[in-house]
Amino acid sequence: MSFQKTIDAILDTPKVEGLLVFDLEGEVYFEQMPQYTDQAMLQKLPQRILMMYDVIADNFQNCSDFILKFDKKNLYFRKSHRKEDMDFILAVLGDAGVNFVSLKLVTNLAMKMLKLEDKPTDEYQAPASPDLTYRGQKVSTASTLNKKSGRKKRSNLIYRGRKT
Amino acid sequence: MSKVQNINKNETKSQLLSHPAIQGWVAIRNDGTQNVASDEIAERFGEVLIYFNQITELIGETFGLEKLDEIHIVCDELTAVCMPGRKETVGILFDKDTNPNEFLAKYKTAKS
């Protein structure tokens with residue numbers, strides 16, 4: 001199963017509407033959120049989620065998963081536990097009726113398979129990526145999101161040792 | 001068998017909070033005052049609740065979401081659930097073996 005298939009498996013889970021993958025510095029590796037998402041706030045989202053992890057770890061206990069249950073939607077955050085510079089967080093947006101057991105199973109796969117490696121230097125420039133659509137909606141990609149937020153470097157996604 | 005299956009449906013909220021599956025609880029007013037906690041661990045959890053209310057509000061706004069019902073936090077040694085209310089936020093700490101959803105369904109319909 002390729003990286004893209006792992007990501008697709010999460011996005012294809014019934015009632016899942018979006019996915020964000022970022023590292024512990026807030027650098028976005030993958031982003032596919034619905035069109036109604038506030039793009040300015042989306043850029044701040046990784047740092048806000050990271051702050052939640054930091055605050056709970058500093059004042060209470062380390063934690064791996066957060067579920068935010070809103071009246072209409074749910075947000076599910078999962079943090080991988082590897083070497084710190086290789087760790088990442090998955091943020092999944094789902095409808096209120098999303099099945100968390102299914103979502104946990106499919107994200108378990110991503111927790112095991114996905115690796116963020118070979119971080120390039122600051123001189124590295126990400127290639128321009130074409131506009132992508134998902135279920136008929138235009139989506140912003142990690143590279144466009146990083147560009148909007150002024151990030152220059154972009155890491156490669158690695159799946160079982162292979163660049164994807 | 002689930003630890004919370006044997007809960008009597010006539011139990012009040014305060015009786016439910018003394019259930020063996022509950023490791024602790026905290027109630028804190030949203031202005032940060034009157035923190036009432038079952039023990040020191042729950043009190044420490046209460047200190048982060050108000051911050052979580054504020055930051056999750058901002059996170060929800062990213063997707064046009066307003067009403068936060070619950071926050072579930074899976075920690076190393078327990079699972080914590082935060083239930084924001086209009087004036088007060090309640091936090092309940094569960095042991096790792098307990099499914100909070102089962103308990104919360106009973107807690108939310110229990111009498112005060």
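In what follows, chains carry the letters A, B, and so on, assigned in the order in which the sequence lines appear, proteins first and then strands, with residues in each chain numbered from 1.
The contact between Phe45(B) and chain A is made by backbone and side chain atoms together, counting heavy-atom distances below 4.5 Å. Proximity to chain A is limited to the side chain of Leu93(B), based on heavy atoms less than 4.5 angstrom apart. Residue Tyr76(A) does not touch chain B at all, counting heavy-atom pairs closer than 4.5 Å. Within the 4.5 angstrom heavy-atom criterion, atoms from both the backbone and the side chain of Phe63(B) approach chain A.
Ranked by heavy-atom pairs under 4.5 Å with chain B, the first of Leu93(A), Asn74(A), Val55(A) is Val55(A). Ranked by heavy-atom pairs under 4.5 Å with chain B, the first of Asp58(A), Ile49(A), Leu45(A) is Leu45(A).
There is a path of hydrophobic side-chain contacts, each under 4.5 Å, that joins Leu16(B) to Val36(B). Taking hydrophobic clusters as Ile, Leu, Val, Met, Phe, Trp and Tyr residues chained together by side-chain heavy-atom distances below 4.5 Å, Met51(A) shares a cluster with Leu75(A). The hydrophobic cluster containing Tyr36(A) also contains Met33(A), counting ILVMFWY residues as joined when their side-chain heavy atoms lie under 4.5 angstrom apart, directly or transitively. In the hydrophobic clustering of this structure, Val28(A) does not group with Met41(A); members are Ile, Leu, Val, Met, Phe, Trp, Tyr whose side-chain heavy atoms approach within less than 4.5 Å, directly or through other members.
Taking a 6.0 Å sphere around NZ of Lys44(A), one finds it holds 12 or fewer heavy atoms contributed by other residues, nucleotides or ligands. Counting heavy atoms of neighbouring residues, nucleotides and ligands inside a 6.0 Å radius, atom NZ of Lys96(B) exceeds 12 of them. Counting heavy-atom neighbours within 6.0 Å of Lys104(A) NZ, excluding the residue itself, gives a total of 12 or less. Atom CD of Gln15(B) is surrounded by more than 12 heavy atoms from other residues, nucleotides or ligands within 6.0 Å.
Residues Arg78(A) and Asn108(A) have side chains that bring a donor and an acceptor to within less than 3.5 angstrom of each other. For the 3.5 Å distance criterion, the side chains of Asp87(A) and Ser80(A) qualify, holding a donor opposite an acceptor.
Taking non-hydrogen atoms and a 4.5 Å limit, the residue list of residues 62-70 of chain A in contact with chain B, ordered by number, reads Asn62(A), Cys63(A), Ser64(A), Asp65(A), Phe66(A), Ile67(A), Leu68(A), Lys69(A), Phe70(A). Contact residues of residues 68-81 of chain B toward chain A are Leu68(B), Asp69(B), Glu70(B), Ile71(B), His72(B), Ile73(B), Val74(B), Cys75(B), Asp76(B), Glu77(B), Leu78(B) (heavy-atom distance under 4.5 Å).
Between Phe94(B) and Phe103(B), a ring centre-to-centre spacing shorter than 6.0 Å is recorded.
The line from CG of Leu49(B) to CD of Gln54(B) is 11.5 Å long, rounded to the nearest 0.5 Å.
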